[in-house]
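Report on the following structure.
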2 protein chains.
Amino acid sequence: MTQIKESSTRNFNKGLSITACPVTYAINKIGGHWKPIILYHLMSGPKRYSELKRAIPAVTEKMLIQHLKQLQDDNLVIRKAENVVPPFVTYYLSEAGEDLTVVLNAMADWGLRDSKRYMKSA
Amino acid sequence: MTQIKESSTRNFNKGLSITACPVTYAINKIGGHWKPIILYHLMSGPKRYSELKRAIPAVTEKMLIQHLKQLQDDNLVIRKAENVVPPFVTYYLSEAGEDLTVVLNAMADWGLRDSKRYMKSA
DNA sequence: CAGAATCCTATACGATACTG
DNA sequence: CAGTATCGTATAGGATTCTG
């Protein structure tokens with residue numbers, strides 16, 4: 001598995017900055033390239049693995065699973081698996097994940113506003 | 001210069017997700033590991049290059065300059081250089097950068113709240 | 001269906017040395 | 001002081017194949 005290692009100066013520095021700044025703490029939890037999108041899709045309710053995949057066609061399985069796992073590790077999403085064949089797995093936001101809605105919306109607002117800033121020529 | 005290239009599937013996908021989600025648009029502008037910290041320090045007023053360096057000891061010159069440049073390209077910070085010897089360069093937030101304050105604060109709030117969530121044992 | 005495993009590349013990042 | 005240049009590494013991310 002190509003996961004995050006805990007060695008290297010890089011992670012050391014990362015650690016430093018986390019403690020220094022709550023913003024960085026947040027970035028480190030939702031900063032992955034696909035995490036916000038996943039979270040975004042989860043904001044509209046629980047989704048099955050395949051639904052997420054279809055909702056975000058650009059993401060590879062690896063990335064999806066990987067980020068989903070990180071989000072679980074960070075206690076932002078919850079995975080619920082029925083033990084049936086074929087498998088039925090749903091992902092949904094935890095409390096902490098729900099709380100993120102505010103942040104995501106703030107970011108979305110800003111993103112929208114910012115992109116408009118460079119469009120309105122008239 | 002080790003800058004961002006515009007080729008590769010990766011960037012293509014990145015592009016896709018940007019258009020799909022304003023949150024991702026935002027992440028792509030402030031998602032760099034040092035950007036939020038830089039922005040954060042700039043929130044308290046204009047800073048000289050050396051001040052930033054001192055304020056964020058963990059960052060290397062390369063990273064600082066690089067992110068500073070990206071932030072300029074993204075119109076989040078403004079660079080103002082006096083043409084004197086020794087050089088006197090100041091960085092400060094643009095309008096768009098100031099707008100980010102809300103987002104950064106939302107993230108900071110969440111980060112603080114989230115980290116507390118895992119501390120309060122009593 | 002949901003996911004694990006493997007292989008590979010790009011690039012983000014760090015360290016260090018040099019310059020106007 | 002405020003940067004640039006060069007080099008090396010790690011890891012994030014992609015493509016593909018396989019499985020309970």
Side-chain angles (χ1 to χ4, degrees), chain A residues 1-17 24 27-28 30-38 46-72 77 79-92, chain B residues 1-17 24 27-28 30-35 37-38 46-72 77 79-91:
Chain A
M1 230 175 283
T2 322
Q3 282 306 47
I4 296 165
K5 275 187 204 158
E6 293 311 325
S7 48
S8 90
T9 323
R10 218 146 143 191
N11 273 303
F12 176 67
N13 283 339
K14 232 173 183 169
L16 272 184
S17 31
T24 306
I27 282 277
N28 269 283
I30 64 169
H33 268 130
W34 302 105
K35 285 185 195 168
I37 321 178
I38 296 174
K47 295 269 178 303
R48 295 186 61 173
Y49 174 79
S50 49
E51 285 183 290
L52 284 174
K53 247 187 72 174
R54 248 176 300 119
I56 318 169
V59 77
T60 59
E61 316 231 310
K62 183 183 171 182
M63 285 302 101
L64 186 52
I65 293 282
Q66 185 175 305
H67 282 125
L68 240 17
K69 266 188 191 158
Q70 289 174 13
L71 290 171
Q72 286 171 66
V77 314
R79 191 189 104 115
K80 187 177 149 207
E82 325 268 352
N83 219 348
V84 295
V85 180
F88 192 97
V89 179
T90 7
Y91 292 92
Y92 59 96
Chain B
M1 230 175 285
T2 323
Q3 282 306 48
I4 296 165
K5 276 186 201 158
E6 294 309 326
S7 49
S8 88
T9 324
R10 219 144 141 193
N11 272 303
F12 176 67
N13 284 338
K14 231 172 181 170
L16 273 185
S17 30
T24 305
I27 281 277
N28 269 285
I30 63 170
H33 268 130
W34 303 105
K35 286 184 193 168
I37 321 179
I38 297 174
K47 294 270 178 304
R48 294 184 63 172
Y49 174 78
S50 48
E51 287 183 289
L52 283 174
K53 247 186 71 174
R54 250 176 299 118
I56 318 170
V59 77
T60 59
E61 318 231 307
K62 184 182 171 182
M63 285 302 101
L64 185 52
I65 294 282
Q66 185 176 307
H67 282 125
L68 241 14
K69 268 187 189 158
Q70 290 175 12
L71 290 171
Q72 286 170 68
V77 314
R79 193 189 104 115
K80 187 177 149 204
E82 324 268 352
N83 219 348
V84 294
V85 181
F88 192 97
V89 180
T90 7
Y91 292 91

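A note on names: the letters A, B, ... follow the listed sequences, proteins ahead of strands, and every chain is numbered from 1.
Of the side-chain N and O atoms in Thr60(B), none sit less than 4.0 angstrom from OP1 or OP2 of dA15(C). Close to dA12(C), at under 4.0 Å from its OP1 or OP2, lies no side-chain N or O of His67(B). Between Ser50(B) and dA2(D), a side-chain N or O to OP1/OP2 separation shorter than 4.0 Å is present. For Lys62(A), no side-chain nitrogen or oxygen approaches OP1 or OP2 of dC7(C) to under 4.0 Å. Between dA12(C) and His33(B), no contact under 4.0 Å exists linking OP1 or OP2 to a side-chain N or O. Here Arg48(A) does not reach the OP1 or OP2 of dC1(C): none of its side-chain N or O atoms lies under 4.0 Å away.
Nearest to the side chain of Glu61(B), among dC7(D), dG14(D), dT4(D), sits dT4(D). Closest to the Val89(A) side chain, of the nucleotides dA2(D), dA2(C), dC13(C), is dA2(C).
Partners of Glu51(B) by salt bridge (Lys or Arg N to Asp or Glu O under 4.0 Å), not counting sequence neighbours: none found.
Between the NZ atom of Lys80(A) and the C1' atom of dA2(C) there is a distance of 16 Å, rounded to whole Å. Nucleotide dA4(C) holds its C1' atom 13 Å from the CE atom of Met63(A), rounded to whole Å. Following rounding to the nearest Å, Gln72(A) (CD) and dA2(C) (P) show an atom-to-atom distance of 14 Å. When rounded to the nearest whole Å, the span between NZ of Lys53(B) and P of dA15(C) equals 13 Å. Following rounding to the nearest Å, Tyr91(B) (OH) and dA2(D) (C1') show an atom-to-atom distance of 7 Å. At whole-Å resolution of the value, CD in Glu51(B) and C1' in dC1(D) are 12 Å apart. The separation between Ile65(B) atom CD1 and dG14(C) atom C1' is 15 Å, rounded to whole Å. We find that CG of Asn83(A) is positioned 13 Å from P of dA2(C), with the value rounded to whole Å.
Atom CD of Glu61(A) sits about 8.0 Å away from atom CG of Leu64(A), to the nearest 0.5 Å. A distance of 8.5 Å separates NZ of Lys69(B) from CD of Gln66(B), quoted to the nearest 0.5 Å. Note that CG of Leu52(A) and NE2 of His67(A) are 13.5 Å apart. Values are rounded to the nearest 0.5 Å.
Judged as a side chain to side chain donor-acceptor pair (under 3.5 Å), not a single pair has a partner in residues 81-90 of chain A (not counting sequence neighbours).
Between Pro87(A) and Gly31(A), the residue anchored nearer the 5' end of DNA chain D, judged by the nucleotide with its closest heavy atom, is Gly31(A).
Residue Pro86(A) is in sugar-phosphate contact alone, with no base atom involved, counting any heavy-atom pair closer than 4.0 Å across all strands shown.
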